[in-house]
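Below is one structure, written out as structure tokens, with a few remarks after it.
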Amino acid sequence: MVHSAYDSFQLITDCPTKIDAIESYGSKLLLGCSDGSLRIYVSDSSGADRSPPSDPHALRKEPYALERTVAGFSKKPLISMEVLESRELLLSLSESIAFHRLPNLETIAVITKAKGANVYSWDDRRGFLCFARQKRVCIFRHDGGRGFVEVKDFGVPDTVKSMSWCGENICVGIRKEYMILNATNGALSEVFSSGKIAPPLVVALPSGELILGKENIGVFVDQNGKLLQADRICWSEAPTVVVIQKPYAIALFPRRVEIRSLRVPYPLIQTIVLPGARRLTKSNNAVVVALEKSVYGLFPVPLGAQIVQLTASGNFEEALALCKLLPPEDASLRAAKEGSIHIRYAHYLFDNGCYEEAMEHFLASQVDITYVLSLYQSIVLPKTTAVPEPEKLVDLSLDALQLSRGSSGMSDDLETFLPQLSESDENSALEFKKMSHNTLMALIKFLQKKRYIIVEKAAAEGTEEVVLDAVGDSFTSSRFKKSNKGRGNVPINSAAREMAAILDTALLQALLLTGQSSAAVELLKGLNYCDAKICEEILHKGQHYAALLELYRSNSMHREALTLLHQLVEESKSNQLQAEPIQKFSPESIIEYLKPLCGTDPMLVLEFSMLVLESCPTQTIELFLSGNIPADLVNSYLKQHAPNMQGRYLELMLAMNENGISGNLQNEMVQIYLSEVLEWYSELSAQQIWDEKAYSPTRKKLLSALESISGYSPEALLKRLPPDALFEERAILLGKMNQHELALSLYVHKLNVPELALAYCDRVYESSVHQPPAKSSGNIYLTLLQIYLNPQKTTKNFEKRITNLVSSPNVSIPKISSATSFKGKGGRKKIASIEGAEDMRISPSNTDSSRSDGDADAEESNEEGASSIMLDQVLDLLSRRWDRINGAQALRLLPRETKLQNLLPFLGPLLKKSSEAYRNFSVIKSLRQSENLQMKDELYNQRKAVVKISSDSMCSLCNKKLGTSVFAVYPNGTTLVHFVCFRDSQSMKAVSKVSQLRKR
């Protein structure tokens, strides 16, 4: 016997006649005796110590005495009877079925067709009665009054031995078979056999399902006869009667009563020995057992007492099942009892090695997590936490063994702290390791299930404090404000966050002790409340550096994280020769860590980026660029701490966004390039191997920067150039200062590269294409032409002019006059000179003169002893750029000896283009003249409009006839008004406009 579910009490002793049927009505007992009489018993409450019953309609645990006897209640002994409480009727089966009104036992109806019936079943919900006699099954319906109406009558293969309603159908036991009878059409469907020895037994459950007896086994089926589950109720032998009183099934045997639980696996709860037991029925609050001449009542032991018994005996599952049956008004008591049982059951399972099941019950008990964590002495919790002492602690001896928390997994961890064992103790050591691992795995699952709610509460508290702080709540000013970030060195001052810190700290340790380093890293990556101090010590000791970095990150301890990363990177470099390094960290790890910090702490990013700038220059500079760190700040920091990388940064910055780099930075980048080129020039000059046409990578960058960007100061750079070298750089700078003549002179006479001079002219010309004609640089080619035609004159004072230009504090920037100015005084015309070329003058020539300007220059050159002109370059320039050069001006500059045959590549396309332009302009002129004539014709037609005035014509303003008055016509040609009216309307409009202006 597991526990006492029922207390047996003898209610009636020494009944005069044998009892054939028994039923209870309220607190009374109705006995059907073998002599056909009905004996009614009531509780014998004559004693002075009897207290008033709590429920007047329930059986009392008292001796019962005979109240009255109804003789001749039935002609034959009663087979069975049943009280229909909802209808206040007593149904009895004897030679037929009779209905009596309660409590006066007035006969309501007798179903004569039920004569010879041996079994029946009543459906109280619908008021349907079915019974079986011989090989027939009949169905009657109570009409609500005093009569019953026959509904159906079906034939069956044999005599029915047991029957019960199952929904709309009827389950019947015929011969040794169970069948489902369709109450609508009488169709039979077999279920299964009832066995060879025991007769069929059909028991209805409150849920509408059935228990069908098969020998000593009870099988569960649904209303259609289908099996519900694999488990069965196994009785000690085949029962004669089974009644259901939740949560138990009570079966009657000839010498005893068995009580079994309705929970799988349907264990035996209690056995009550009652020799000669013949009848069994249930009442509102008890089960009644009739012997031959006595009656016993089986009264349920109070649920609270049963729960105590079950808990004390270690049957926790049954105890928990009974807790669910406690009445709703005892909800607090039920929760307390369930919690207590779950805790005791959890300790029992924990002691027996069922760790996961134990944690499930700890979880169900809603016990505080500190209670469970106190079972794990190896788990270090925050010192501010007061851990309650549980009823029973399980010491895993992990403190003494000192887990190493290595990253190689739990097996390696345990091996490091287990004492040196002899061979005979190896098995026990393995068992210990297994037990430790299993306990921690169970703890992890427990903490993970509790974590969501606890962390959610903690986050909600943090959000509420931030909101209150934002609106300036005075109450929060005295409280600790803490968000998820930056809680490493600040004490927690919140119950929910304190609990979250305990949970996350314990969970992290459990994950590490079981070798789940990756899971620990994932925990730290998300929202967590791990205690920074405790976890830092544990992670550092166990060399879990990846997790330690995430701990630092989640607590905004970025300086500590970056310091550790730098240390790990240096160690990884020194350990590169090892075959199997534990964990590798590269400089890119520092860069990846710094990326999210660019917007919040740029100075920290700059400080630690210097550690990896040399090893990963491109990635580091891309970090600066992608992180939107101010360029001026980065540049100044690099200038101070890594000047060799300053140029590289500015290069990438310019390549990414040319407009995003300021003029100051552009100037600084060019200055850096120039410094490197000057250093390179000094080295080569000292070795006397300098070549003006030599280009180092830096010089190429300098030339490209000078041409492509415009934010630098050309005057400042020009002063730094040596006087006898770097002429190409000087030419570009002079071009930026609009000193085109000097720039072209350098290309022609110093560098001796006419192609560069031509390219220079092309750049100047193309850059001025979209400028107004007055500012066009078309004469740049004429300037080059003059340099070719006067080589000695352009080089004569070159050095002097360069020196004056560089030394002058206020450098004037001359411009090229684009147009040729013509003066008509005296019939002479003059080609405009190029500004800035003070030493070069083009003497004016008369239109009738046979001497060209080039001749005059040639004579002047001969007087100075100059060398021959660069005629080949002149002709090449004219042939290649004929479309960009003013032909008339060019011809005046050429010397007289120039042969026309050499000018064919220049004059041919030029004249062809001029002819085409002349023809095109002539066509355009003709078209415009034609268009002008068309417009004049249209104007004449418009002026020929005719307006007809009749005697009926009305003024549109005064609505009077026009008559012979002066009139006016509006532009639409149809609206006619008196001229006087028109004049007045115009005056009124003018006055209204003036008044509106005054109001404004």
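Here the structure is a predicted model, which means the values were calculated and not measured.
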Quiz prompt | Note, Val569 side chain near Leu611 side chain (heavy atom, < 4.5 Å) | solution = no

To the nearest 0.5 Å, atom CG of Leu674 lies from atom CG of Leu721 at 6.0 Å

In short, Leu623 meets Val605 closest at the heavy-atom pair CD2-CG1, 4.0 Å

SG of Cys616 to CD of Glu622, rounded to nearest 0.5 Å, is 11.0 Å

Self-check item: Under-4.0 Å salt bridge between Glu916 and Lys913
Solution: no

Heavy-atom nearest pair, Val612 first then Pro587, reads CG1-CB, 3.7 Å

Trp690 and Ala725 have their tightest heavy-atom pair at NE1-CB, 3.6 Å

Q) So do the side chains of His558 and Leu597 get within less than 4.5 Å of each other, counting heavy atoms only? A) yes

Stepwise salt bridge (Lys or Arg N to Asp or Glu O under 4.0 Å) check, Arg928 with Glu931:
CA-CA 5 Å; Arg928 288 183 177 177; Glu931 184 180 7; over 6 Å; no

Leu633 and Pro602 have their tightest heavy-atom pair at CD2-CB, 4.4 Å

CG of Asn779 to OH of Tyr765, rounded to nearest 0.5 Å, is 11.0 Å

Between Val677 and Lys701, is the side-chain contact (heavy atoms from CB on, under 4.5 Å) condition met? List the steps. CA-CA 10 Å; Val677 171; Lys701 293 179 182 179; over 6 Å; no

If we only count heavy atoms from C-beta on, is the Ser589 to Tyr593 side-chain gap below 4.5 Å?
no

When rounded to the nearest 0.5 Å, the distance separating SG of Cys761 from CG of Leu756 is 11.0 Å

Test log, rule side-chain contact (heavy atoms from CB on, under 4.5 Å), inputs Arg699 and Leu726: CA-CA 10 Å; Arg699 190 182 183 191; Leu726 302 179; 4.0 Å; yes

Open item on the list: Side chains of Leu744 and Leu734, heavy atoms from C-beta outward: is any pair under 4.5 Å?
Closed with: no

*asked:* With a 4.5 Å cut-off on side-chain heavy atoms, are Leu702 and Tyr695 touching?
replied: no

- Task: Any chance you could lay out the side-chain contact (heavy atoms from CB on, under 4.5 Å) test for Leu594 and Leu562, step after step, and finish with the verdict?
- Result: CA-CA 8 Å; Leu594 290 173; Leu562 290 167; 3.6 Å; yes

Note to self: Tell me whether Ser930 contacts the main-chain N or O of Ser926 through its side chain, where contact means a donor paired with an acceptor under 3.5 Å.
What the structure shows: no

Open item on the list: Could you check whether Arg720 pairs with Glu729 (Lys NZ or Arg NE/NH1/NH2 to Asp/Glu carboxylate O, under 4.0 Å)?
Closed with: no

Evaluate Ile732 against Tyr760 for side-chain contact (heavy atoms from CB on, under 4.5 Å), listing each step before the verdict.
CA-CA 9 Å; Ile732 295 175; Tyr760 178 89; over 6 Å; no

dist Gln619:CD -> Ile590:CD1 (nearest 0.5 Å) comes out at 12.0 Å

Legend entry - His566 and Glu570, any side-chain heavy atoms less than 4.5 Å apart: yes

Q.
Is there a side-chain contact between Leu703 and Lys700 in this structure, where contact means two heavy atoms from C-beta onward sitting under 4.5 Å apart?
A. no

In terms of heavy-atom contacts, Thr698 and Tyr673 come closest through CG2-O, 3.8 Å

- Take atom CD of Gln929 as the centre, draw a 6.0 Å sphere, and report whether it contains more than 12 heavy atoms from other residues, nucleotides or ligands. yes

Exercise. Report yes if some heavy atom in the side chain of Pro722 is under 4.5 Å from a heavy atom in the side chain of Leu678; otherwise report no.
Key: yes

dist Met870:CE -> Ile787:CD1 (nearest 0.5 Å) comes out at 9.5 Å

Q) What class does the angle between the rings of His641 and Tyr637 fall in, given that below 30° is parallel, 30 to 60° is tilted and above 60° is perpendicular? A) parallel

